[in-house]
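One structure is given here, and the rest of the page talks about it.
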Amino acid sequence: VPKVIILNCHFARNSAGEHKGIYSPEIVKQVWIIGSHFLKNTVFKGGAVHSTSSEYFVINSTFASNKILSDGATVFMENSGILVSINSLYIGNSAYTSGGTIVCQNLEYIVLKQSLFYKNKGHKRNMVNSFIVLIIECRFIRNSECLRIDNFLQTFILNCTFFKNACIRK
């Protein structure tokens, strides 16, 4: 299986055009992001991490103060198999036109475990469109975005904290 491993890397103050921060082409089937930091990056459209076909595993990583200027998300996944995020931080990320912290469209499953979502800003669309959604021991604090789960078969939210979040619809 063709895979990419990003281990202990720092991506700071980078900018990219449409659909490209870390972008995995169709040939790549798995992307592992471990112990890495994405700080103050700017993408016009798409995501700081963007996939249209790969499985993503995000472990012990930080996404902070990233900006998506148009449609997209800090982590933007579409038509991929899975997204697994464990023990990761999503802090102060912003999507200005339409998007949020994590947008997943047409995934088999998404797992968020022991992760913190703090002061992220999104508009109109922060969605998980997956058949199985599992959110375990996560904290969602002072976010201003919508968490919308569509087209699911099963959703499990276990031992999570939600504190002072707001949903903005424009």
Legend entry - Straight-line distance of Gln30 CD to Ser54 OG, nearest 0.5 Å: 9.0 Å
Legend entry - Distance-minimising heavy-atom pair for Trp32 and Ile59: CZ3-CD1, 3.8 Å
Inset, instruction - Identify the heavy atoms of Cys138 and Gln114 that sit nearest to each other, and give their distance. - result: SG-N, 3.8 Å
Inset, instruction - Answer with yes or no whether the hydrophobic clustering places Ile86 together with Tyr109; edges join I, L, V, M, F, W, Y residues whose side-chain heavy atoms lie under 4.5 Å apart. - result: yes
Legend entry - Nearest-0.5 Å distance, OG of residue Ser36 to CZ of residue Phe63: 8.0 Å
Inset, instruction - Report yes if some heavy atom in the side chain of Ile82 is under 4.5 Å from a heavy atom in the side chain of Phe57; otherwise report no. - result: yes
Inset, instruction - Examine Ile132 and Leu158 and state if one hydrophobic cluster contains both, with Ile, Leu, Val, Met, Phe, Trp and Tyr joined whenever side-chain heavy atoms are less than 4.5 Å apart. - result: yes
Inset, instruction - Give the cluster check for Leu89 versus Ile33: same hydrophobic cluster or not, with ILVMFWY residues linked at side-chain heavy-atom distances below 4.5 Å. - result: no
Legend entry - Evaluation steps, side chain to side chain contact (heavy atoms under 4.5 Å, CB included), between Tyr90 and Val58: CA-CA 11 Å; Tyr90 300 86; Val58 179; 4.0 Å; yes
Legend entry - Nearest-0.5 Å distance, OG1 of residue Thr42 to CZ of residue Arg13: 9.5 Å
Legend entry - Criterion side-chain hydrogen bond (donor to acceptor under 3.5 Å, both in side chains) against Asn93, the qualifying member of Asn41, Asn120, Asn143: Asn120
Legend entry - Test item: Leu83 and Val75 side chains (from C-beta on) under 4.5 Å apart, heavy atoms: yes
Inset, instruction - Could you tell me whether the side chain of Ser65 and the main chain of Lys40 form a donor-acceptor pair under 3.5 Å? - result: no
Legend entry - Shortest non-hydrogen separation from Gly35 to Ser61 and the atoms involved: N-OG, 3.3 Å
Inset, instruction - Verify the cluster assignment for Leu116 and Phe162: are they in a single hydrophobic cluster under the rule of side-chain heavy atoms below 4.5 Å apart? - result: no
Inset, instruction - To the nearest 0.5 Å, tell me how far Lys113 NZ sits from Ile136 CD1. - result: 5.5 Å
Inset, instruction - Give, for atom CZ of Phe117 and atom CD1 of Ile141, the distance between the pair rounded to the nearest 0.5 Å. - result: 11.5 Å
Inset, instruction - Identify the heavy atoms of Ile6 and Phe11 that sit nearest to each other, and give their distance. - result: CG2-CE1, 3.9 Å
Legend entry - Minimum-distance pair of heavy atoms, taken over all atoms of Phe140 and Asn165: O-ND2, 2.8 Å
Inset, instruction - Output the distance between atom OH (Tyr118) and atom CD1 (Ile91), rounded to the nearest 0.5 Å. - result: 8.5 Å
Inset, instruction - Decide whether Val84 and Phe156 are clustered together by the hydrophobic rule: side chain heavy atoms of Ile, Leu, Val, Met, Phe, Trp, Tyr closer than 4.5 Å, transitively. - result: yes
